[in-house]
Asker: 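I have a structure I would like to understand better, so I am pasting it below and will then ask my questions one at a time.
Protein chains get the first letters and strands the later ones, always in sequence-line order, with residue 1 at the start of each.
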2 protein chains.
Amino acid sequence: MKKIAILGSTGSIGTQTLDIIEENPDRYQAAVLTCGNNIELLGKQIEKHRPSLAVVMNESDAASMRKKYPHTEVLFGMEGLMTAAAETDCDIVLNSLMGMLGLAPTYYAIKAGKDIALANKETLVAGGELIMDAVDDQKVRLLPVDSEHSAIFQALQGNEQKDINRIILTASGGPFRGYTIDQLEHVTSSQALKHPNWKMGAKITIDSATMMNKGLEVIEARWLFNIPPDTIEVTVHPQSIIHSMVEYVDHSIIAQLGVPDMRIPISYALSYPKRLDNPYESVDFTKTGTLTFETPDYNTFECLTLAYEAVREGGSYPVVLNAANEVLVQQFLEDRISFLDIQNTIKKVIEKHEPEYHLNLETILEIDRNVRGDLTL
Amino acid sequence: MKKIAILGSTGSIGTQTLDIIEENPDRYQAAVLTCGNNIELLGKQIEKHRPSLAVVMNESDAASMRKKYPHTEVLFGMEGLMTAAAETDCDIVLNSLMGMLGLAPTYYAIKAGKDIALANKETLVAGGELIMDAVDDQKVRLLPVDSEHSAIFQALQGNEQKDINRIILTASGGPFRGYTIDQLEHVTSSQALKHPNWKMGAKITIDSATMMNKGLEVIEARWLFNIPPDTIEVTVHPQSIIHSMVEYVDHSIIAQLGVPDMRIPISYALSYPKRLDNPYESVDFTKTGTLTFETPDYNTFECLTLAYEAVREGGSYPVVLNAANEVLVQQFLEDRISFLDIQNTIKKVIEKHEPEYHLNLETILEIDRNVRGDLTL
């Protein structure tokens with residue numbers, strides 16, 4: 001029985017993880033559940049899964065949950081989240097927290113010797129060096145949940161990291177693939193929220209539309225697979241069937257394919273190194289018909305270009321890129337800024353940033369706070 | 001230094017293997033070379049590689065080669081071939097012999113404890129059970145060289161055979177993809193010899209045109225990967241970029257891709273489990289553009305259907321299928337029969353065959369001889 005702590009259990013990845021746990025009651029147990037404010041859904045999850053610990057954002061919610069679910073310990077706030085990540089009896093921490101909030105819990109879970117199933121990109125975008133050093137020190141497993149990184153990880157099985165020639169990270173291109181700058185000028189948040197292939201949360205869906213999501217994935221892959229950023233190539237593949245590929249020094253490419261269903265990579269992270277039978281859909285190549293590939297439009301979708309620059313420069317640049325992006329996406333979702341304001345503002349913030357290197361957790365969080373402060377003034 | 005015995009060194013796979021050996025003089029040595037009648041090319045290969053043993057078909061050729069190349073032992077005929085396969089000081093036997101001739105040398109090489117790099121399909125088509133039992137007994141490696149089987153083998157690395165859901169064997173479809181029976185009626189051998197993607201020998205190129213090549217590969221895969229024939233699915237993929245795929249029980253598919261260049265799978269078989277750097281071409285996805293998939297036309301290309309039936313029935317059926325096909329392809333290449341005569345005649349031969357099961361080498365060779373005898377009368 002594998003005990004799983006799900007950080008962010010009411011989000012898209014969290015609920016899909018609970019589906020998988022329900023389908024495999026003899027293998028998995030949801031030992032810890034955490035959420036922000038979606039108390040109603042968390043309550044249903046507690047009733048069904050009876051975790052030993054639940055964590056919510058606010059003290060008042062915690063108090064009311066304690067009364068309702070006396071068999072579950074209920075904590076709150078950042079301290080509660082740290083307890084959930086690091087101090088509970090669990091075998092693996094699935095981190096599907098949204099944004100920068102995910103970094104510290106990952107770090108402390110690793111320090112506590114827990115294996116991590118990582119769906120929180122920001123952990124590696126902002127804390128790549130810090131986190132990978134901790135993983136090496138503690139000899140824990142850091143298992144990717146993102147479909148692209150899971151694909152790369154699967155393509156690496158039975159192969160050696162030193163033999164990687166390049167990584168081909170596929171991108172759907174999002175809802176605005178092929179758009180010009182002029183066309184992007186007036187796109188709305190509701191247009192941006194319509195992803196052609198994947199059902200995901202709002203933040204990541206906007207990131208897909210700006211292609212920042214792919215940029216963050218480049219940075220994540222750089223750390224997760226310990227390779228130079230320029231060996232990572234982005235290819236737009238609108239069908240989202242090939243989830244990514246690894247080319248080796250012998251020019252043989254290994255790819256992972258599947259229908260766009262996040263339950264497949266989540267399952268793999270939970271069952272690794274095994275694969276478990278599941279009832280999900282197969283790719284039917286006779287129906288799929290055609291897979292296409294295009295070069296991304298780096299001039300129009302500047303977020304991708306900015307992410308490459310940030311990871312090449314290293315140090316605090318990716319922290320700044322990510323912090324600025326989080327704030328600006330939120331402002332765009334609230335219709336306070338335009339779609340192009342996101343990339344234009346990130347560019348300005350990065351240009352004026354004075355970089356720092358070899359960051360510890362405190363410095364990373366401080367730089368992040370400063371960027372957010374500047375942008376929300 | 002890995003010593004390699006190349007059975008069939010003057011053919012397409014043999015010469016490409018020698019190219020790889022030349023590119024890696026510190027790793028590989030051509031210890032044994034064998035050919036049929038292409039004495040002139042063999043002479044050049046002996047001069048360049050100075051093998052300890054060479055084998056030719058005829059006694060007279062052997063005598064003249066001995067005079068010319070006093071430093072190389074020269075043997076001839078089937079006995080010479082057996083010595084080359086089983087009794088020489090080599091680490092791996094690359095079997096690229098053409099047709100049924102390849103079975104016995106593979107068998108004796110395995111019995112002698114040699115690892116095999118197998119480019120001779122007929123070995124497993126006719127002798128699947130016998131060969132795989134010998135591989136298990138001797139605990140040698142049987143490494144596929146065919147691009148499709150190499151792809152499957154690569155997709156299996158880091159995974160377990162028991163987790164295979166299905167194998168998706170890709171087929172280019174050959175030069176007559178999309179043709180109707182009426183259109184196939186009058187196609188000539190020179191049309192059939194024009195393969196759209198791969199440069200290969202004449203026999204295998206005709207087999208690609210009839211799709212018998214894919215049928216033989218289904219049978220080969222059934223034995224090599226120990227899976228039921230109906231878990232092997234053929235998909236026509238005219239670009240020959242995805243060389244085959246394995247879908248696992250979790251509906252995750254692992255594929256191997258590359259430009260259509262046989263040196264990539266040959267290299268992998270020689271360097272396995274390592275991968276060696278090479279100067280061959282990469283896939284450029286921005287130029288590749290589109291990958292397509294179609295269901296094969298089983299009604300028109302009956303060879304593929306016949307091969308499935310033969311492997312489902314098992315026993316001596318695949319031996320008969322293969323023997324009849326070898327004779328008929330030769331007759332077609334000599335313009336003695338029509339293209340459709342190949343599949344029509346195989347069908348008749350199979351229909352009247354009385355099957356035998358659990359065959360030993362002698363029975364296989366006898367059944368093969370009988371089929372050939374009947375067809376050449």
Side-chain angles (χ1 to χ4, degrees), chain A residues 150-151 153-160 162-166 168 170 233 235-237 239 241-243 245 247-259 261 263-265 267-268 271 273-296, chain B residues 150-151 153-160 162-166 168 170 233 235-237 239 241-243 245 247-259 261 263-265 267-268 271 273-296:
Chain A
S150 177
F153 184 68
Q154 292 184 52
L156 275 165
Q157 299 304 310
N159 288 288
E160 292 188 54
K162 69 168 179 55
D163 289 341
I164 298 175
N165 208 26
R166 60 178 167 143
I168 302 146
T170 54
E233 186 178 308
T235 296
V236 174
H237 165 50
Q239 298 79 24
I241 296 292
I242 298 184
H243 297 313
M245 312 184 235
E247 184 184 74
Y248 293 98
V249 290
D250 62 353
H251 297 108
S252 180
I253 297 171
I254 305 292
Q256 189 264 346
L257 298 80
V259 292
D261 182 338
R263 291 173 301 178
I264 295 174
S267 292
Y268 189 69
S271 65
K274 290 189 184 176
R275 292 184 183 275
L276 293 190
D277 212 335
N278 68 37
Y280 315 143
E281 210 184 320
S282 291
V283 178
D284 181 342
F285 285 94
T286 62
K287 285 183 188 157
T288 300
T290 302
L291 303 180
T292 62
F293 306 91
E294 305 163 11
T295 309
Chain B
S150 177
F153 184 68
Q154 291 183 52
L156 276 165
Q157 298 304 309
N159 288 288
E160 293 188 55
K162 69 169 179 55
D163 289 340
I164 299 175
N165 208 24
R166 59 178 169 145
I168 302 146
T170 55
E233 185 178 309
T235 296
V236 174
H237 165 50
Q239 297 80 24
I241 296 291
I242 299 185
H243 297 314
M245 311 184 236
E247 184 184 73
Y248 292 98
V249 290
D250 62 354
H251 298 108
S252 180
I253 296 171
I254 305 293
Q256 189 265 347
L257 298 80
V259 293
D261 182 337
R263 291 173 301 178
I264 295 175
S267 291
Y268 189 69
S271 65
K274 290 187 185 179
R275 294 183 182 275
L276 292 190
D277 212 335
N278 67 38
Y280 316 143
E281 210 184 318
S282 290
V283 178
D284 181 343
F285 285 93
T286 63
K287 285 183 188 158
T288 299
T290 302
L291 304 180
T292 61
F293 304 91
E294 306 163 11
T295 310

Asker: Using a 3.5 Å distance criterion without hydrogens, assess whether the side chain of A:Asp250 forms a donor-acceptor pair with backbone atoms of B:Arg275.
Answerer: no

Asker: Let me confirm one number: the CZ-CD1 distance from A:Phe293 to B:Ile241, rounded to the nearest 0.5 Å.
Answerer: 9.5 Å

Asker: Select, from A:Met245, A:Glu160, A:His243, the one with the greatest count of heavy-atom pairs under 4.5 Å involving chain B.
Answerer: A:Met245

Asker: Specify which of B:Glu281, B:Lys274, B:His237 makes the most heavy-atom pairs with chain A at under 4.5 Å.
Answerer: B:Glu281

Asker: Name the region of B:Glu233, side chain, backbone, both or neither, that has any atom closer than 4.5 Å to a heavy atom of chain A.
Answerer: neither

Asker: Relative to chain A, which of B:Gly258, B:Gly158, B:Ser252 shows the most heavy atom pairs under 4.5 Å?
Answerer: B:Ser252

Asker: Under a 4.5 Å heavy-atom cut-off, does chain B meet the side chain of A:Leu156, its backbone, both or neither?
Answerer: neither

Asker: Using a cut-off of under 4.5 Å on heavy-atom pairs, state which of B:Thr288, B:Thr235, B:Ile242, B:Val283 scores highest against chain A.
Answerer: B:Val283

Asker: Checking heavy atoms, do the side chain of A:Arg263, its backbone, both or neither come under 4.5 Å from chain B?
Answerer: neither

Asker: Is it the backbone or the side chain of A:Asp277 that comes under 4.5 Å from a heavy atom of chain B, or both, or neither?
Answerer: both

Asker: Does a side chain donor of either B:Thr286 or A:Glu294 reach within less than 3.5 Å of an acceptor in the other side chain?
Answerer: no

Asker: Where does B:Leu276 contact chain A at under 4.5 Å (heavy atoms): side chain, backbone, both or neither?
Answerer: backbone

Asker: Considering only heavy atoms, which portion of A:Asp261 lies under 4.5 Å from any heavy atom of chain B: side chain, backbone, both, or neither?
Answerer: neither

Asker: Using heavy-atom distances under 4.5 Å, tell me whether A:Thr290 contacts chain B through its side chain, its backbone, both, or neither.
Answerer: both

Asker: Is a side-chain donor or acceptor of B:His251 paired with a backbone partner of A:Ser282 at a separation under 3.5 angstrom?
Answerer: no

Asker: Show the numbers, then the answer: is there a side chain to side chain contact (heavy atoms under 4.5 Å, CB included) between B:Ile253 and A:Gln256?
Answerer: CA-CA 5 Å; B:Ile253 296 171; A:Gln256 189 264 346; over 6 Å; no

Asker: Please flag which part of A:Pro279 lies under 4.5 Å from any non-hydrogen atom of chain B: side chain, backbone, both or neither.
Answerer: backbone

